[in-house]
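These notes are about the structure you will find just below.
Being a predicted model, the structure only gives us computed values, none of them experimental.
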Amino acid sequence: MTTSLYLLRRLLQAVAVIFIVTVVVFGLLHSLPGGPARGILGAQATAQQIEQFNSEQGLTKPLYVQYFLYLGHLLHGDLGISYTYNESITQLIVERLPKTLVLTILQAVIALVIAIPLGMWQAAKRNHPVDYIATTVSFVAYSAPVFFLGLVLIIVFSQTIPLFPSQAPNGATLASVFANPAALVLPIATGAASMIAVFSRYMRSSTLENLSEDYVRTARAGGGSGGQILRRHVFRNSLTPVVAMLGYYVPVLFGGALVIEQLFNYPGMGLLFWNAAQSSDFPVLLGCVLVISVATVVGTLIADILQSVIDPRVKAGRT
Amino acid sequence: MTAIPPVMAQDTTAPLRDEASGAPILDVDDLVVTFSTESGPVEAVRGLSLEVRPGETLALVGESGSGKSTVALAAMGLLSGNALVQGRVCVGGTNVVTASDPVLRHLRGSTASMVFQEPGTALDPLTRVGAQIAEVIRNHRDVSSAVARTETIDLLRRVGIPDPESRVRAFPFQLSGGQCQRVVIAMAIANEPRLLIADEPTTALDVTVQAEILELLRRLAVDSGTGVLLVTHNMGVVADFADRVAVMYRGEIVETGSVEDVLLAPRHEYTKRLLAAVPRLKTAADYPAVTGRAQDVVPRDTDTDSVIALNDVAVRFGRGPSAVNALDTVSFAVRAGETVGLVGESGSGKSTAARVALGLIAPTSGTVSLFGQNLRKSGVRARRRLQAGIGVVLQDPVASLDARMSVGEIIAEPLRVHRRSMSRHDRERLVGETLEAVRLPAAIAGRAPRELSGGQRQRVSLARALVLRPRLLVADEPTSALDVSVQKAVLEVIGELQSELGFACLFVSHDLAVVQDFCTRVVVLRSGRIEEKGLTGETLVRPTTDYTRRLLAAVPVPDPIVQRRRREDRLAALAAGETTAGE
Amino acid sequence: MSAVIQPGKAEFSAQVAGPTGSRLAIARFSRNRLAVVGLAVVVFFVLFCFLGPLVYHTDQLHTALSEANQGPSGSHLLGTDAVGHDELGRLMYGGKVSLIVGLAAGLLATVIGTVWGAVAGYVGGWVDAVMMRVVDAGIAIPALFILLVISAISTPDTFALVIILGFVSWLVPSRLIRAETLSLKNRDYVLTLRAIGGSHTRAITRHVLPNSVSTIVVAATFQVADAILLVAYVSYLGLGVQPPATDWGGMLSAGLTAVYSGRWWLILPSGLAVILVVCAFNAIGDGLRDVFDVRGR
């Protein structure tokens, strides 16, 4: 299978998934108590207002017609209006999504840069005391609720030892995010911590599996040293399954962003979502769910493409 | 040396033996290897001594568990961490047992190299083959990458890979098993080693590819005067390649000697038994007019209709341009009471044909009739009743039995499917009888599969297949994963039971010698098509097609003198212009 | 065995004279020290939460504002919260809810995931493709987002919470079980059964399911760990149980604001409890995976 055929197939799968997501979101919208009218007009709407809204918006039409109308709106980039902010939701998201992306991408990059070498090193030093310590720390970081972790970091590094501010930069534009880099440290560290824990474990077990593979024995028989074999052969082979897991970790990253942005008051999509939940602003809530899901699907696609770059067997359909 | 026409390959059987004087390149003295496992220490090698001189090939023969691979790995210092090694193993003067890591690294790949059994997994799947060969070169010699690349291409040419300039950039998954093995050999000879250790180098390969790889190894060894330690269980390979033989049993050497002495006049009981169990391919030279098995089995049924028949069956996997025709217009039948062998190399479609016969794969076109009924046209219940007349034995002794069931439950399963009303007492009785028939103690019914050996497992599989007294036994490589002596026992059991119970047998195998012995008729498959078919005594002794002839010529015979002649004939035929399966 | 097969005695047979299956399993598990510690931790917390209140009596129903916001002392080993409840008692009380809801939700997620994954894996074809796209879609929506949306709609009771958490978490085990089922349905012993006329039902109930047990058990352990962690988030997101009932997550969110004023006893014990228990289940899952030699995750 050539590259383009493989990409096409993955793209089609991604589109199918996005379709299903729109159905889910649509379903949620219509399963709200009081229907979407209440969702959009708010809890205070009177029965009359709801009736008027329903007939205006065509909510009396059959469900599948409404679904296609909904899809039509989506394709035009219309996610509706937020009644708390009184702005187009699309506009709100366009403002805030990039900031969330900056946060999550930075978290992911830093986490991977630390986790991958750490995992490999742990595998090489298996059952050494240091391996146990690193494993234990990983377990703890992985088992702690993100907000608890963030809180502990704030207490230690912001209050007890005032090193970093506990509030993230709050400007409106994307550039303002970088105005005070120190303010980004704690949010990123909180998000990266559990990702480092998870991916170092993956890398460790993947490396361990690869160390007992035949090709390692062949390389040793050719006179290669342990370090050389690790770097040149084991590393890339161990990386493949880990990259595959990246795709599935993207929603976890976004979920974490929700909590982190709330904790550190970072003006991204997570905070938007949080505030909308507090005020039951359903259009915003569902619009965000849709966008985040699409972002996740795109992220998974990117991870898959990355995998096919590292591993040429993926395109040929044999792994 | 006699005068030889330039086109023909050199006679290489009496090479540099005169130069094979001087210090042995491999000198093993009282080697003891103990593994510490979950269930306690296991002594794999007990006080073994052998030597390999420069220019000679020593074959280390034994069955599974004899410890021969352990010896090979010990010679390179490649045993796993839980192995305790005692004794002396000197490679070119250096004692591998006590050598430090840097010394070992210096030795591996330059003084001594190794070729392994599974070519498919021996190479790093994510690195191009050229780079892997170049790495071995640059591990030991300080050359630029350009020089290494030129040498790599040269090596690929030497090991017989066509179009080396472009193959250099190939990934292992793009090469066949035989080609991967050639790459591994190229890595092994890259630095002109004085000792080459080959651990079952051709076991995972087709017989024609095996012949080519062996020829390659012999030529390389002779050209460079390398000493070769050849580890194998295949006596034919030994007869083809080795100068001297050492027979291993349970961690010790029981007999050593020249290849003629050991193979033609064995002295030790074990060697004699081992050689007696090796299926021997009969050639036209042996039998002027043989007709397969001595007596045809008298079929129980009076009608001679076929038990199973494939008519014009085609099987296609996938769609569009990348579709694969696993079978193409295949027609053959098995009559009541007879044994039909399905032979072919890997990719020939023989396993696919067996699965079509079993109803596991639906043919894309063509019909399959079981006991006279078209399988696909029958309803579910009718199908099931028909399938009660089939017994199945597959290749892998481990995967054939569900590890979570006891032996008794496994054998009783067909009874539960087709004789639900049978009482428990009757079931157990029948299971016991069947176990006895396959020469297993009835008490084994309470054991779990993991407590059994490979041969025992296959006999349990056989018992399961026969418990309903079927009319047809479909056996897909039933003994290929077993040691040769166990194989003989299992095949004997099948043969006896066939005489007793009168079932027909569809026997899939790649081992032509076994098929010759066991089957009355044979079907030769090649790339999904029938190459030829007929009585075993004719088709496999005097074949009509070139392909079958080549296939037979490539099978090594465990008689060194005969094998030498066969090799010469084969090389002559190749040189005379017939095309090889150019790998 | 007859003399004919004597040379074959050398053939290697796995674990012929070894210990029985379960003894070997226990030995293998014990070798993983973290797993053993994890087991001990879980046992400790179960005893702590369910038997503790019998030993250490506290009143978790009535408020006692006069005792509010006190630090650890002789009468209140871990201090009191904003309405005067004893924190240590609350830890036991909340632990019961966290553990029960977590266990139930984790098991529910495993059951749903197993059924979905097994069907997809066994049936294969387009059914499998569609079912797995649904799973992909479900994974694409972060669980926390869904939970927050639900919190905006209503506050569910404990039973509904278990159902919601179960339905949010079944996706990951479904993929694992599907992979296991795919591999099992092509095993030789299943093929043999089908060839001689065995039904699909028999293949699934007698062969595929029993052999998937190890994967399911390992998946279940990790699911319980994830569920207990998710329960801790739930109160933070506004879905939690109503006071005076509480769970560890509730204790954490209630105490969050107090932290800045230095009242560490309000969040540290509950936070540590969550971490320890989740960690413990993860370690046990890891150990079980070693025992069963299960791949994946």
Please determine, among [options], the option with the most heavy-atom pairs under 4.5 Å with chain A.
| options | value |
| --- | --- |
| B/M76, B/E118, B/E135 | B/E135 |
| B/A122, B/A112, B/G109 | B/A122 |
| B/L126, B/V136, B/T121 | B/L126 |

Side chains of B/F171 and B/T127 in contact at under 4.5 Å (non-hydrogen atoms): no
Short side-chain donor-acceptor distance under 3.5 Å, A/Q228 and B/N139: yes
Side-chain H-bond candidate by donor/acceptor type, B/D163 with B/S166, under 3.5 Å: yes
When A/T218, A/N237, A/I310 are compared by non-hydrogen pairs under 4.5 Å with chain B, the top option: A/N237
Any donor-acceptor pair under 3.5 Å from B/N95 side chain to B/V89 backbone: yes
Which atoms of B/L107 approach chain A - backbone, side chain, both or neither, heavy atom under 4.5 Å: neither
Residues B/R141, B/E151: salt bridge by 4.0 Å N-O rule: yes
